[in-house]
Amino acid sequence: MNKSNWDYSIFWKETLNQLRSELSEQEFLMWFDNIIYKESTEKKIILSVPSSFYRDQVKERYLSSVENILHNLSGSKIEIDFSINNTPSPVKKEKPKKISSSTVKKSKPVAPGAINKKHPDLSDGYSFDNFIVGDNSSFAANACMAIAKNPGKAYNPCLIYGGVGLGKTHLIQSIGKYANENSEDIRIVYVTAEQFTNEFIQAIKDSKQHAFKNKYRKVDILLIDDIHFLQSKDATQEELFHTFNALYDSNKQMVFTCDRPVSEIKNLTDRLRSRFERGLNVDLIPPSFETRIAILKKKVEEKNVVISDEVIELICKNVTTHVRDLEAALTKLIAYADLLNKEITINIAKQQLKDMFANPKLSNITIDTIQRIVSDYFNLTPNDLRGKKRTKAIAFPRQVAMYITRELTEYSTTEVGLEFGGRDHTTVMHACQRVDSKMKADPSIEPYIRNLVQKIKETGTK
Ligand code: ADP
Ligand code: MG
């Protein structure tokens, strides 16, 4: 029998109606808005979904109730099959074309993903394609995808929060990238809260507030990373408050990230806090063992190297904090294997990653020790690190010492700030980010920081 004789689309429609009444609107939109009915065969309905992740999630969460509803409706058992549609639908519906009689152009529909625009604010490495979704991040990732497809409509504003290295920047940038590539004429701005602050201060200095306002209040999507940086920055908060209102009133999408729930940001005006808390607040938590494995496998694949499952498991068992540490472990192994042109055996991995695996936070390393060893290394004194001077010769060593303190001890950023001459905790966070990005940009930095860490650990645990 020809498969076109079967058409269960009407059952599917009714199933959707029932699900809509059973689920919350958000949940329904998140999981069912992206499913497209494709075709039917004698015993099956074939649905098209955007990704294998999506398929697995829908299967796990809803398959049995969907099949139940179908059974009730049709009186027979109809199964669901999924096909994966790799070409997502364009974010924006095509605009009606103005056609003038003299210039009738052929309309060129935008093939999904075909607008190969690079966005100046966004970095290439972050996209939904290389974000591994696990149970720790599925809600956040799906919300972000919904936003990228439907900016201003799905969840507005949206705030993603969670500790360092869990993928906040990755996700917020992916929204920008996806929207940028899938729609024409869309204005997207991505900034860190720190850049936003600096630009604002500069605009005041140069009497260019007008240009600043124009830039931020005329966007379709505003993405601001790390808003905890706005703590105590009253004038910038005020400016963002007005930007927020302007964009909110015109249904423009805003997404923010933060390293903690908004309620825990100190010195944030109530009115701005309440704006951030409007809309969707979603958290990212550290990945489970299974998710860590999936992430690491993906990274191995991306880097085009061969690493045995045994070694991958070893890493994932021992590195439990966050994705950035997983990456660091992998990078170290690859560098080692490259250098010696050796295969990475389990023993090499154990030996190379020994210090990453040990839980140094449990040791009794003091800030004094760190300050002493770091200042020594840079030919300074511990007092230089605790003092007020901000010359280049001191500022970077101080940042390194703060970074190492955060890596090796349980002290909070506030406590670390106090130990470094009563500095604000945002200064500490900033220092850590600086060191992190410098290490990424300049491969010569990481080895000596690692050396310092090693030295401090040896001293601290003696
Ligand atoms: P955050 O902004 O939360 O501190 P990032 O987005 O910078 O964290 O993530 C740290 C690193 O880990 C980045 O290189 C990022 O690409 C990677 N990463 C984080 N989560 C994932 C994930 N789920 N899948 C793939 N890579 C991830
Ligand atoms: Mg980040």
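In this structure, OH on Y161 lies 4.0 Å from CG on D283, to the nearest 0.5 angstrom. One distance of note links CG of D226 with CD1 of I224; it measures 11.0 Å at 0.5 Å rounding. Taking OG of S375 as the reference point, atom CG of L385 lies at 5.0 Å (rounded to 0.5 Å). In this structure, E419 CD and Q371 CD are separated by 6.5 Å, a value rounded to the nearest 0.5 Å.
Defined by atom type and a distance below 3.5 Å, a donor-acceptor pair is present between the side-chain atoms of S40 and Y37. Using a 3.5 Å distance cut-off with no hydrogens or angles, the side chains of Y216 and E199 do pair a donor with an acceptor. Side-chain polar atoms of T426 and D424 form a donor-acceptor pair below 3.5 angstrom. N180 and H119 form no side-chain donor-acceptor contact under 3.5 Å, judged by distance and modelled atom types alone. Judged by distance alone, the side chains of T192 and D225 never bring a donor and an acceptor atom under 3.5 Å apart. Inspection of the S444 and D442 side chains reveals an N or O donor paired with an N or O acceptor under 3.5 Å. Under the 3.5 Å distance criterion, with hydrogens and angles disregarded, a donor-acceptor pair is assigned to the side chains of N34 and K149.
Comment: E415 does not engage R406 in a salt bridge, judged by the lack of any side-chain N to carboxylate O separation of less than 4.0 angstrom. Ion pairing between R398 and D384 fails under the 4.0 Å rule for side-chain N and carboxylate O.
Aromatic ring pairs are classed by plane angle as parallel below 30°, tilted from 30° to 60° and perpendicular above 60°; the pair F32 and F28 is parallel. Between F378 and Y448, the ring-plane angle classifies as perpendicular under the 30° and 60° cut-offs.
Between the side chain of N281 and the backbone N or O of F276 there is at least one donor-acceptor pair closer than 3.5 Å. Side chain of S183 to backbone of A179: a donor-acceptor contact under 3.5 angstrom is found.
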Run the numbers on F229 and F196 for ring pair (Phe, Tyr, Trp, His ring centres under 6.0 Å), then give the verdict. CA-CA 10 Å; F229 183 83; F196 185 85; over 10 Å; no

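With sequence neighbours excluded, no residue satisfies salt bridge (charged side-chain N to carboxylate O under 4.0 Å, His left out) with K438.
Taking all atoms of both residues into account, the shortest heavy-atom contact from L247 to V219 is CD2-O, 3.7 Å.
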